[in-house]
Amino acid sequence: MAFWLLKSEPDVYGIADLEREGETLWDGVRNYQARNFLRQMAVGDRAFFYHSNTKPPGIVGLMTVSATEQVDPSQFDPDSDYYDPRSQADNPTWITVKLIFGDRFQPGLTLAELRAEFTTEDLLILRPGNRLSVTPVEEDVAERLLQRLRSPAI
DNA sequence: GCCAACGTTGGC
DNA sequence: GCCAACGTTGGC
């Protein structure tokens, strides 16, 4: 079982939405490197839910991969912000996963806390200028994150 | 294949 | 709103 970190803007889709819906298709990823990570995911993998472009940004939840190799339907929807006219139905460019709600952490771990307690080698999202919305997390780092998320006080 | 211009991401 | 970082595009 592997661990991942997935970013989303809560104004677009947040942990509260997933908690309410129970399961979601992680659509809208339009970056090849992120797509390649999505394709490496296996059912049962865990993913940290990270809120970006909000105050404060940070890890707010935990998810479990429930289905892999899902065709992202928004690539074929001309009305979607994620429409990709170059993608062909018989060879879709954008493949993603389904995830089920696992946990919601309040208050979670803010980016400032992550920076204070983890290194840029621990977490790719801490690298300056990082924009990847899907990144792998090493197991030892994931365990430290989980321990920290479940016991807010150090 | 190079690279400048441009658009997007996302923290601050 | 600003700006740094990075990906993509397109001319050559």
Side-chain angles (χ1 to χ4, degrees), chain A residues 2-21 24-41 45-65 68-99 101-138 141-142 144-149 152-154:
Chain A
F3 288 91
W4 308 89
L5 186 146
L6 304 189
K7 283 192 220 177
S8 183
E9 301 186 18
D11 288 349
V12 178
Y13 193 87
I15 188 67
D17 298 302
L18 180 58
E19 184 172 28
R20 186 176 61 249
E21 295 173 9
T24 191
L25 182 79
W26 202 263
D27 64 355
V29 173
R30 293 294 179 269
N31 171 284
Y32 285 101
Q33 201 177 343
R35 191 276 316 265
N36 292 343
F37 284 135
L38 288 169
R39 297 198 83 155
Q40 291 175 28
M41 292 183 186
D45 282 2
R46 303 294 186 84
F48 294 95
F49 197 131
Y50 179 92
H51 277 178
S52 63
N53 247 321
T54 189
K55 292 181 180 179
I59 292 175
V60 293
L62 188 66
M63 308 176 275
T64 300
V65 175
T68 60
E69 295 294 317
Q70 303 291 299
V71 174
D72 182 342
S74 63
Q75 68 196 302
F76 301 123
D77 177 3
D79 295 328
S80 170
D81 289 343
Y82 307 123
Y83 179 55
D84 182 355
R86 290 179 298 186
S87 184
Q88 298 174 340
D90 59 353
N91 185 24
T93 306
W94 305 110
I95 303 296
T96 186
V97 297
K98 282 185 180 176
L99 298 140
F101 176 81
D103 217 336
R104 181 177 183 179
F105 304 110
Q106 288 172 313
L109 267 178
T110 67
L111 178 58
E113 290 170 323
L114 292 172
R115 287 197 190 285
E117 298 171 32
F118 294 84
T119 68
T120 54
E121 286 167 17
D122 291 333
L123 289 169
L124 295 178
I125 55 156
L126 299 182
R127 289 187 325 176
N130 161 76
R131 286 165 37 185
L132 258 191
S133 66
V134 180
T135 49
V137 178
E138 294 298 321
V141 176
R144 286 169 57 203
L145 285 169
L146 288 172
Q147 191 167 25
R148 185 65 176 75
L149 285 159
I154 292 182

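Chain identifiers are assigned alphabetically (A, B, ...) following the order of the sequence lines, protein sequences preceding nucleic acid strands; residue numbering begins at 1 within each chain.
In plain terms, the two heavy atoms of A:P10 and A:T54 that are nearest each other are CG-CB, 3.6 Å. Closest non-hydrogen pair, A:A47 versus A:L99, comes out as CB-CD2, 4.2 Å. In terms of heavy atoms, A:L18 sits closest to A:Y13 at CA-OH, 3.3 Å. Residue A:L126 comes nearest to A:R115 through the heavy atom pair O-NH1, 3.0 Å, listed as atom of the first residue, atom of the second, then distance.
Salt bridge annotation for A:D72-A:R35: absent, with no cationic side-chain nitrogen under 4.0 angstrom from a carboxylate oxygen.
Applying a 4.0 Å cut-off to non-hydrogen atoms, none of the residues of residues 27-36 of chain A approaches DNA chain B. Near DNA chain B, defined here as any heavy-atom distance below 4.0 Å, the residues from residues 4-17 of chain A are A:K7, listed numerically.
A donor-acceptor distance shorter than 3.5 angstrom exists from the side chain of A:Q75 to the backbone of A:T93, with no hydrogens or angles considered.
Relative orientation of the A:F48 and A:F3 rings is parallel, given thresholds of 30° and 60° on the angle between their planes. Using cut-offs of 30° and 60° on the angle between ring planes, the pair A:W94 and A:Y32 is tilted.
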Note to self: I'd like to know whether A:F49 forms a side-chain contact (heavy atoms from CB on, under 4.5 Å) with A:D103, so could you lay out the CA-CA distance, the side-chain angles of the two residues, the decisive distance to 0.1 Å, and finally the verdict.
What the structure shows: CA-CA 9 Å; A:F49 197 131; A:D103 217 336; over 6 Å; no
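Nucleotides of DNA chain B that come within less than 4.0 Å of any heavy atom of chain A span, from the 5' end to the 3' end, B:dG7 to B:dC12.
In this model, a donor atom of one side chain and an acceptor atom of the other lie less than 3.5 Å apart for A:R30 and A:S74.
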